[in-house]
Amino acid sequence: MFSILRATILTALVPAAVLCAPQKRATSAPKEPFQLYAYGKDIGGFPLFYNKGLAFAGNPDKSAANDSNAAVVSFVTGDNNAWVGSPVNKTTDWNNVTLFVPTNATQDTRVGFLPSSNGGNSSIETTGFSFYGNTGMVIKPDGTVEMLFTGLVIDAEIVQVYWNDTSSGQVPITLRSMAPSSPPPSVPATPLEPANPNA
Ligand SMILES: *[C@@H]1O[C@H](CO)[C@@H](O)[C@H](O)[C@H]1NC(C)=O
Ligand SMILES: *[C@@H]1O[C@H](CO)[C@@H](O)[C@H](O)[C@H]1NC(C)=O
Ligand SMILES: *[C@@H]1O[C@H](CO)[C@@H](O)[C@H](O)[C@H]1NC(C)=O
Ligand SMILES: *[C@@H]1O[C@H](CO)[C@@H](O)[C@H](O)[C@H]1NC(C)=O
Ligand SMILES: *[C@@H]1O[C@H](CO)[C@@H](O)[C@H](O)[C@H]1NC(C)=O
Ligand SMILES: *[C@@H]1O[C@H](CO)[C@@H](O)[C@H](O)[C@H]1NC(C)=O
């Protein structure tokens, strides 16, 4: 509930000009390609990374499955303001993947990536990504602005990214294009309740 309240407050702060121009990117959109960094309570700017089609923030080398294909993602803006990602400094079995957030048509609240061959479905939203300043957001076709990213602390260097869900102990996060000025500290050592991926 807190995240929803907070997102509502953030939404209320977005100027009408942005709301009236849903297809235009905010003027201060970052230079491309850009990376995204997660910020929230005790989460000080972990880079967004890809692991098995899902979005995490932190250190890909510490991914749960120790997956050599996990890598930090660098983005460019594609058609309809999709954010298309490629691995940074790594050769992986994925490339040109499209960031998605779930829609309210699904119970699966995890944020992830689609392969370029996949056009998506009604359970996910892949278009309308934009920036307010350096903060990532989604602008719906009707102009509604949503900033509903949440993060579940998996361990000291891994946070899993969710959308509009605090039910497993996720905390509200923002995804920003700005890197932290110093390497982000580990999150507190006692992890929150682990996620039930099917919750
Ligand atoms: C992950 O893989 C690396 C290299 O293959 C290995 O050195 C490391 O111990 C592994 N870590 C875990 C947690 O399995
Ligand atoms: C990629 O490599 C550059 C140059 O070695 C380095 O400065 C940068 O930190 C690396 N980025 C990541 C995400 O590892
Ligand atoms: C990714 O997409 C870009 C633009 O469509 C293309 O130039 C590039 O070759 C693609 N890269 C891979 C590895 O598919
Ligand atoms: C966020 O979740 C709440 C409660 O599950 C739901 O009522 C609301 O429609 C969701 N909002 C969006 C934008 O998906
Ligand atoms: C999802 O959101 C749309 C508009 O935001 C709304 O019309 C629809 O009723 C919602 N569906 C559910 C299942 O909550
Ligand atoms: C929609 O796409 C998501 C992400 O790939 C997938 O998890 C989900 O099963 C798909 N839903 C349907 C109804 O195909």
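Fair warning: this is a prediction, and the values are worked out from it, not measured in the lab. As the structure lists them, so they are numbered: ligands from 1, and atoms in each ligand from 1.
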Worksheet, complete the sentence: for atom 3 (C) of ligand 2, nearest protein heavy atom and its distance come out as N89 ND2, 3.5 Å

Discussion item. Less than 3.5 Å apart, any donor N or O on the side chain of S177 or Q35 sitting next to an acceptor on the other?
Written reply: no

Worksheet item: Nearest heavy atom to atom 13 (C) of ligand 3: which of D79, N95, T91 does it belong to?
Response: N95

Worksheet item: Among protein heavy atoms, which sits nearest to atom 8 (C) of ligand 6, and what does the distance come to when rounded to 0.1 Å?
Response: N121 ND2, 3.9 Å

Response to the item:
ligand 3 to N96, heavy atom cutoff 4.0 Å, flagged ligand atoms 1 (C), 2 (O), 3 (C), 8 (C), 10 (C), 11 (N), 12 (C), 14 (O)

Discussion item. Has T174 got a side-chain atom pairing as donor or acceptor with R176's backbone, closer than 3.5 angstrom?
Written reply: no

Worksheet entry | Atoms of ligand 2, numbered as shown, that sit under 4.0 Å from any heavy atom of V88 | 11 (N), 12 (C), 13 (C)

Discussion item. When you compare the side chains of E146 and T144, does any donor N or O come within less than 3.5 Å of an acceptor on the partner?
Written reply: no

Worksheet item: Got a salt bridge between D67 and K52, using NZ or NE/NH1/NH2 to carboxylate O under 4.0 Å?
Response: yes

Worksheet item: What's the spacing between Y132 OH and M137 CE if we round to 0.5 Å?
Response: 8.5 Å

Worksheet, complete the sentence: min-distance protein heavy atom vs atom 5 (O) of ligand 6 -> L114 CD2, 3.3 Å

